[in-house]
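Read the structure below first, then the notes.
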Amino acid sequence: MVELLKGIAASDGVAVAKAYLLVQPDLSFKQNNVEDTAAEEKRLDDALAASSAELEKIRDKAAKSLGEEEAQVFDAHLMVLSDPEMIGQIKQHIQDNKVNAESSLKEVTDMYIGMFEAMDDNAYMQERAADIRDVTKRVLAHLLGVTLPDPSMIDEEVVVVAHDLTPSDTAQLDKNFVKAFVTDIGGRTSHSAIMARSLEIPAIVGTKEITAKAKDGDLLAVNGITGETIVNPTDEQAAEYKKAGEEYATQKAEWDKLKDAETVTADGKHFELAANIGTPKDLEGVHNNGAEAIGLYRTEFLYMDSSDFPTEDDQFEAYKAVLEGMGDKPVVVRTMDIGGDKELPYLTLPHEMNPFLGYRALRISLSELGDDMFRTQLRALLRASVYGNLRIMFPMVATLKEFRAAKKLFNEEKEKLVKEGVKVSDTIQVGIMIEIPAAAVLADKFAKEVDFFSIGTNDLIQYTMAADRMNERVSYLYQPYNPSILRLIKNVIDAAHAEGKWAGMCGEMAGDQTAVPLLMGMGLDEFSMSATSVLRTRSLMKRLSTTDMAELADKALKECDTMEEVEELVKQYVK
């Protein structure tokens, strides 16, 4: 049956491929009494063998894509599967109690998990609990005859369908096979959407019901430009989508011709177009799309992709790789932004009613809990600074006191390294991310002490409008062109320029084709966006005059009352 679903267009592109449901299966079961215990033991042996074969494949793929060190976690899982003592106990439980393999597996593994978790003074043994939990889930799935989804093992062209995608899920997607993804929830500024743009995978989020409407193997037609998905399209509809995909590819080829061009407006004004990245691997996309700088390096992925706190040397190598890869082009590195929806399994944070307004980012870095972690990161950045044009940015700054405290720690670690004889650059700029309205309002005071501002519109908008950007019920309040948002942005830009500082933007608004003309008119200096948006934005800027855009921005700020009026005004100026 043909179903048309409308969602939020999160990443441009068009695709037609089979659905791959990334949905956790139901692993519930009942305890059953059995007479033939030998048959239950064989069922267990078959499930263990199938699980081992799966993990061997996953391990090989992880070793090739992530490296041997990252793949070692699967060695631990394979050891659990072949542990004769634990398997012997499961089989003994089947024989003694005459119950099914599922029940015996759960009984014995729960005992081991509880035992290892109780070892508070032994982190290594506590990690074994997580290994046993993961392995048990896989074996149980085989016993129940259901499939555990694994995005890293996709080896054919598919459209991934999920309720939501975590950053780690998205990071495992291979764009050679994953042609698009569609989710029930999420917004254009959710981390999965942002990563989809980095990977150049078409994406639609917030459809509300894609997991209920699509089954594994159904054909899906996805238009990430319009936000429309068709489940089981007719031949004619599939052909239309394929044609739209070809037209988009042709348009992209035109934009690609601007890869080595300067970002200059119709009246000769230059703007800096930068890219947002999450890992050193993203440099390829930065260069392929002709970005002139990196305006946001999200360092939290170093932490999220690690099983423990990344060491100073690990971080140094990552920062060095990016700085060297960019030559003398600016690289803005945001210090760790953990918290909110970005959690670390090895860092226990307090449960909070509203984590986005709670203990996160710089607030952790400046606390006793985060002090060592923050100083380690600062040292790694300082050591790497001699390999390129480094700029450091602190996230979630609300008060001048916070900035001063962070800058003090930066200076302390710099002084220590210099005393140790370590070379450190003397030209590092230190700035802040403007994402809290309090900082935007007080920008004139901050501008006297920081080297630059980078406006993080994703959070600035949700905090200003008091509307969670991940909540579909209030998504109508996520209004990037609302005059209140535009006035805050203009205030930040003017405050920076009054002190001879530069102002950039690293939120998704920087690559928004409706917002770009307004931001040009306000005098924003640097636009940082998903690398895939750079050439499209360069093409737009080349058609526009800053004089006309200044007039547009002035009218929007003074005469418009609503976001809709601003959008209409932009259409009149940009045709």
Side-chain angles (χ1 to χ4, degrees), residues 20-63 71-155 162-163 168-169 172 211 215-217 307 345:
Y20 176 96
L21 258 65
L22 190 59
V23 178
Q24 293 301 317
D26 180 10
L27 295 179
S28 59
F29 63 89
K30 291 181 180 177
Q31 178 176 305
N32 295 325
N33 293 323
V34 297
E35 291 301 323
D36 191 349
T37 56
E40 286 304 300
E41 288 183 42
K42 185 177 186 309
R43 285 183 66 230
L44 176 67
D45 285 335
D46 290 346
L48 290 168
S51 299
S52 293
E54 259 179 13
L55 282 171
E56 290 282 4
K57 280 187 188 176
I58 294 169
R59 193 219 177 282
D60 289 345
K61 184 156 186 176
Q72 284 175 6
V73 65
F74 299 110
D75 289 334
H77 288 195
L78 286 162
M79 285 173 64
V80 172
L81 281 172
S82 59
D83 181 353
E85 185 175 345
M86 188 174 78
I87 293 167
Q89 287 185 40
I90 297 169
K91 289 183 175 180
Q92 192 66 48
H93 192 276
I94 292 172
Q95 293 168 14
D96 293 347
N97 297 280
K98 294 190 180 301
V99 291
N100 53 341
E102 292 90 338
S103 178
S104 296
L105 172 74
K106 186 82 166 50
E107 185 75 25
V108 173
T109 54
D110 278 355
M111 178 193 71
Y112 273 92
I113 290 167
M115 183 172 66
F116 286 132
E117 283 183 337
M119 297 181 182
D120 295 334
D121 57 344
N122 192 324
Y124 175 81
M125 296 309 286
Q126 283 192 316
E127 284 175 19
R128 299 292 69 78
D131 292 336
I132 294 170
R133 188 177 284 109
D134 282 354
V135 168
T136 301
K137 186 175 171 184
R138 187 173 298 279
V139 177
L140 189 55
H142 282 291
L143 285 170
L144 294 170
V146 297
T147 303
L148 281 180
D150 184 350
S152 70
M153 295 303 291
I154 294 171
D155 58 3
H163 178 65
S168 58
D169 284 335
Q172 293 180 68
T211 55
K215 299 190 297 291
D216 260 324
S307 59

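Residue numbers run from 1 in the order of the sequence given.
A distance of 8.0 Å separates CD1 of Ile132 from CG of Asp83, quoted to the nearest 0.5 Å. To the nearest 0.5 angstrom, Ile87 atom CD1 is 10.0 Å from Leu105 atom CG. One finds the OH atom of Tyr112 at 13.0 Å from the CD atom of Glu107 (value rounded to the nearest 0.5 Å). To the nearest 0.5 Å, atom NZ of residue Lys137 and atom OG1 of residue Thr109 are 13.5 Å apart. Distance check: Leu143 CG to Glu102 CD gives 5.0 Å after rounding to the nearest 0.5 Å. The CG atom of Leu81 lies 9.5 Å from the CD atom of Glu56; values are rounded to the nearest 0.5 Å.
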In a table with atom names and distances, give each donor-acceptor pair under 3.5 Å that connects a side chain of residues 27-34 to protein atoms at least two apart or in another chain.
from, atom 1, to, atom 2, distance (Å)
Ser28, OG, Asp26, OD1, 2.7
Ser28, OG, Asp26, OD2, 3.1
Gln31, OE1, Ser103, OG, 3.0

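For Asp134, the side chain to side chain contact (heavy atoms under 4.5 Å, CB included) partners two or more places apart in sequence, or in a different chain, are His77. Evaluation of the side chain to side chain contact (heavy atoms under 4.5 Å, CB included) rule for Gln92 yields Gln95, Asp96 as partners, not counting sequence neighbours. Not counting sequence neighbours, Lys98 has no partner by the salt bridge (Lys or Arg N to Asp or Glu O under 4.0 Å) test. With sequence neighbours left out, the salt bridge (Lys or Arg N to Asp or Glu O under 4.0 Å) criterion links Asp46 to Lys42. Legend: residues meeting salt bridge (Lys or Arg N to Asp or Glu O under 4.0 Å) with Asp216, ordered by chain and number and at least two apart, are absent.
Scanning both residues, Ser104 and Val99, for their nearest heavy atoms gives OG-CG2, 3.3 Å. Nearest heavy atoms, Ala47 versus Ser51: O-OG, 2.8 Å. Here the closest non-hydrogen pair linking His163 and Thr211 is N-CG2, 3.5 Å. Here the closest heavy-atom approach between residue Ala101 and residue Ile94 is recorded as CA-CD1, 4.0 Å.
In summary, Glu54 and Lys57 do not engage in a salt bridge, as defined by a charged side-chain N under 4.0 Å from a carboxylate O.
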